[in-house]
Enquirer: 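Please read through the structure below; I'll follow up with questions.
Lettering of chains follows the sequences in order, A, B, ..., and the numbering in each one begins at 1. Excluded from the calculations below are hydrogen atoms, water molecules and symmetry mates; all remaining heavy atoms, backbone and side chain alike, are included.
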2 protein chains.
Amino acid sequence: MDDSPAPAPRSRRERPAKPALTRAGIVTAAVRLMEAEGLQRVTMRRLAQELDTGPASLYVYVANTAELHAAILEHHLGRVDLGAAAGTGAAEPGTADDPGAAACAGAAEPGAADDPSTADDPGRDWRGRLAAVLESYTTVLLEHPALAHSALLARPAGPHYLALVETLLALLEEGGVPAGQAAWGVDALLQVATATAAEHSARTGAAAEAEHGAMVRALREADPSRYPKVAATAGDLVSGRPTERLAWTFRMLINGVAATPR
Amino acid sequence: MDDSPAPAPRSRRERPAKPALTRAGIVTAAVRLMEAEGLQRVTMRRLAQELDTGPASLYVYVANTAELHAAILEHHLGRVDLGAAAGTGAAEPGTADDPGAAACAGAAEPGAADDPSTADDPGRDWRGRLAAVLESYTTVLLEHPALAHSALLARPAGPHYLALVETLLALLEEGGVPAGQAAWGVDALLQVATATAAEHSARTGAAAEAEHGAMVRALREADPSRYPKVAATAGDLVSGRPTERLAWTFRMLINGVAATPR
DNA sequence: ACCTGAACACCGTTCAAGT
DNA sequence: ACCTGAACACCGTTCAAGT
């Protein structure tokens with residue numbers, strides 16, 4: 001055992017010395033690979049190639065592809081702005097990695113004060129702060145919609161996920177929502193946020209754009225004699241900027257959770 | 001053109017005479033294949049094999065795999081019980097294809113009348129009937145959770161989908177919900193129902209069972225000093241029979257939609 | 001005892017070449 | 001003009017065999 005020759009007697013190689021395989025190292029490499037080439041390229045084979053080994057070796061540390069993707073998601077969950085729960089935070093100015101990210105969530109043009117949840121003072125009431133956390137979560141997922149897609153299937157259970165749930169529960173408690181419905185409500189809130197982001201994973205590429213256009217047309221041109229209400233409402237069904245719709249949806253969910261006893 | 005020799009001069013073959021390839025024929029074969037082997041087997045290659053041709057031939061009629069899956073979903077949407085919207089319907093006794101299906105949605109044991117949305121008289125108020133339609137939709141998707149998964153990415157735009165949207169809009173209008181929020185609400189209602197069913201697509205197989213167990217354990221055993229509310233609420237977070245949780249979620253959404261103006 | 005090469009059994013999609 | 005064989009460029013996962 002201890003008389004084996006040094007862990008790896010290689011010294012001349014192009015790669016900066018292959019590090020020992022560990023679960024953490026695999027996940028780090030996976031995160032980096034995703035950042036570089038997208039989740040669709042984070043396959044067991046491609047990742048193994050990146051780590052200078054064969055795919056079979058990864059199965060010693062990762063059970064399957066779904067678990068690998070869940071680990072990547074848990075990593076990204078660390079970027080959710082939980083500070084928004086206290087009315088501070090907003091964008092943690094220290095991280096200049098991705099300056100566009102935070103702006104994407106709630107930043108309507110100033111003056112559009114018809115939306116209290118993302119208005120000038122987001123820290124005012126618990127509802128606004130709850131919406132802000134959910135918007136941050138959605139923003140993180142929207143940077144990698146394919147990841148949101150996996151999140152619907154294999155929910156993470158790591159510390160970042162627990163911290164997010166903890167924060168949401170605290171805000172609902174602050175709002176006086178009974179614990180029973182708060183617990184079920186957190187599930188629904190995260191599900192809608194996740195599903196919304198996941199829906200965007202297919203909305204990339206020209207083909208998807210065309211398909212989406214076809215759906216909008218199907219609604220707008222619905223036969224008014226067979227689908228009168230669809231025809232009458234078509235404008236509303238597809239109306240609104242995505243951030244507006246999402247803000248309304250979060251407000252709607254919060255209202256529902258607060259008002260629906262078990 | 002019309003002097004070409006009969007469309008297909010083959011006569012001796014094992015197969016009952018290969019029918020001409022059409023989009024409708026392809027979708028029908030896809031539905032049948034899915035019923036027999038599951039959506040994961042409905043690939044362009046496997047389907048082509050079933051139709052006694054090469055995969056390239058399918059691309060004449062179907063743009064890609066996503067569109068094929070959307071077509072299968074639209075087909076199944078024909079089984080959603082829209083009669084529940086009028087307080088009739090419940091299970092269309094003529095179709096004996098899948099007797100367990102209808103029972104799965106709302107059928108708690110009789111006597112559990114604490115849930116008005118699935119109680120003895122589901123046709124009483126518009127909320128109950130709206131929940132009944134959503135439960136029927138969810139039931140259809142739960143028969144093929146993988147299909148629900150595709151539905152999140154490529155929403156169908158066929159007549160069955162339009163009829164479903166039409167029914168939901170009509171019920172919200174009956175409930176006096178303003179058209180604007182009804183339109184956005186229908187989106188959210190279908191999204192939650194779809195996502196709920198989709199979540200079950202990974203919940204099959206022993207590995208997924210173990211993974212789910214790991215998440216439940218992570219919640220129950222969450223460090224009370226770092227995640228006090230998670231630890232205190234863990235029981236509620238994972239409690240409840242799925243149908244109970246879903247019924248509550250639909251009630252919650254309906255309350256939210258009705259109470260949240262745009 | 002630990003790790004992995006090589007294989008098994010597949011994929012989606014394209015396009016040059018055939019009928 | 002229409003259709004498709006064959007190829008391109010990949011997959012996840014397993015397990016016998018090596019070190």
Enquirer: Would you please confirm or rule out a distance under 4.0 Å between OP1 or OP2 of D/dT4 and any side-chain N or O of B/S57?
Expert: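 Result: yes.
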
Enquirer: Give the nucleotide from the list C/dT4, C/dG12, D/dT13 with an atom nearest to the side chain of A/V60.
Expert: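 Of all the options, the side chain of A/V60 is nearest to C/dT4.
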
Enquirer: Answer whether the closest heavy-atom distance between the side chains of A/S150 and A/L39 falls below 4.5 Å.
Expert: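 With C-beta onward as the side chain, the pair touches.
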
Enquirer: Distance check needed: D/dC10 P versus A/R46 CZ, whole Å only.
Expert: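 The distance from CZ of A/R46 to P of D/dC10 comes to 9 Å, rounded to the nearest Å.
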
Enquirer: Take atom C1' in D/dC10 and the same atom in D/dA6, then report the distance between them in whole Å.
Expert: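 It works out to 16 Å between them.
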
Enquirer: Using the side-chain heavy atoms of A/T43, tell me which of these nucleotides is nearest: D/dG12, D/dC15, D/dT4.
Expert: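 Nearest nucleotide to the side chain: D/dG12.
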
Enquirer: Please compare B/Y61 and A/V42 by the position of their nearest nucleotide in DNA chain D and report the one closer to 5'.
Expert: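 Closer to the 5' end of DNA chain D: B/Y61.
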
Enquirer: To the nearest Å, give me how far apart CD1 (A/I26) and C1' (C/dC3) are.
Expert: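 In whole Å, C/dC3 C1' lies 12 Å from A/I26 CD1.
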
Enquirer: Rounded to whole angstroms, how far apart are CD on B/Q40 and P on C/dC10?
Expert: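 Rounded to whole Å, this separation is 12 Å.
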
Enquirer: So, OP1 or OP2 of D/dT13: does either fall under 4.0 Å of a side-chain N or O from A/T65?
Expert: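 Indeed, a polar side-chain atom of A/T65 lies that close.
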
Enquirer: To the nearest angstrom, how far is A/E50 atom CD from D/dC10 atom P?
Expert: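 Distance check: A/E50 CD to D/dC10 P gives 14 Å.
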
Enquirer: Atom NE2 of B/H69 to atom C1' of C/dC11: distance rounded to whole Å?
Expert: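 The answer, rounded to whole Å, is 12 Å.
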
Enquirer: With rounding to whole Å, what would you report as the distance between C/dA9 and D/dC8 at their P atoms?
Expert: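 C/dA9 and D/dC8 have their P atoms separated by 23 Å.
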
Enquirer: Paired with C/dG12 by Watson-Crick or G-U wobble geometry, both distances under 3.5 Å: which nucleotide is it?
Expert: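 The answer is D/dC8, by the H-bond criterion.
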
Enquirer: Please pick, from C/dT4, D/dT13, D/dA6, the nucleotide with the shortest atom-to-atom distance to any side-chain atom of A/T53.
Expert: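 It is C/dT4.
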
Enquirer: Do the side chain of A/Y61 and the main chain of A/L21 share a donor and acceptor less than 3.5 angstrom apart?
Expert: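 Yes, the answer is positive, given that a donor and an acceptor are paired below the 3.5 Å cut-off.
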
Enquirer: Between A/L39 (CG) and D/dG12 (P), how many Å, whole number?
Expert: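 So the CG-P distance, A/L39 to D/dG12, works out to 11 Å.
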
Enquirer: Return the nearest nucleotide to the side chain of B/R45; candidates are C/dC3, D/dA7, C/dT4.
Expert: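 For the B/R45 side chain, the nearest candidate turns out to be D/dA7.
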
Enquirer: Compare all side-chain heavy atoms of A/V216 with those of A/R220 and state whether any distance is below 4.5 angstrom.
Expert: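 Answer yes - side chains close enough.
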
Enquirer: Flag the pair A/W184 / B/T249 as yes when at least one side-chain heavy-atom distance between them is below 4.5 Å, and no otherwise.
Expert: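 With C-beta onward as the side chain, the pair stays apart.
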
Enquirer: Looking at D/dA6, C/dC10, D/dT13, which one has an atom nearest to any side-chain atom of B/R41?
Expert: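 Given the options D/dA6, C/dC10, D/dT13, the side chain of B/R41 is closest to C/dC10.
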
Enquirer: What is the separation between atom CG on A/L47 and atom P on D/dC10, rounded to the nearest whole Å?
Expert: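 Distance, rounded to whole Å: 16 Å.
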
Enquirer: Roughly how far apart, to the nearest Å, are D/dA7 and C/dT19 at atom P?
Expert: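 Those two atoms are separated by 16 Å.
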
Enquirer: Using Watson-Crick or G-U wobble geometry with both distances below 3.5 Å, tell me the partner of D/dG18, or none.
Expert: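 Across any shown strand, D/dG18 pairs with C/dC2.
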
Enquirer: Taking only side-chain nitrogens and oxygens of B/Y59, does any of them come within less than 4.0 Å of OP1 or OP2 of D/dT4?
Expert: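 So the side chain of B/Y59 is outside the cut-off, no N or O lying under 4.0 Å from OP1 or OP2 of D/dT4.
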
Enquirer: Any sub-3.5 Å donor-acceptor pair from B/H76's side-chain atoms to B/I72's backbone N or O?
Expert: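 Present.
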
Enquirer: If we take the C1' atom in both D/dC2 and C/dA16, what is their distance in whole Å?
Expert: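 One C1' to the other, the span is 14 Å.
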
Enquirer: In whole Å, I'd like the distance from the CD atom of A/E67 to the P atom of D/dT13.
Expert: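 So the CD-P distance, A/E67 to D/dT13, works out to 11 Å.
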
Enquirer: Tell me whether the rings of B/H149 and A/H149 are parallel (<30°), tilted (30 to 60°) or perpendicular (>60°).
Expert: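 Aromatic pair B/H149/A/H149 classed parallel.
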
Enquirer: Identify which nucleotide among C/dT14, C/dG5, C/dT13 has an atom closest to any side-chain atom of A/A56, counting heavy atoms from C-beta outward.
Expert: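 The answer is C/dG5, which lies nearest to the side chain.
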
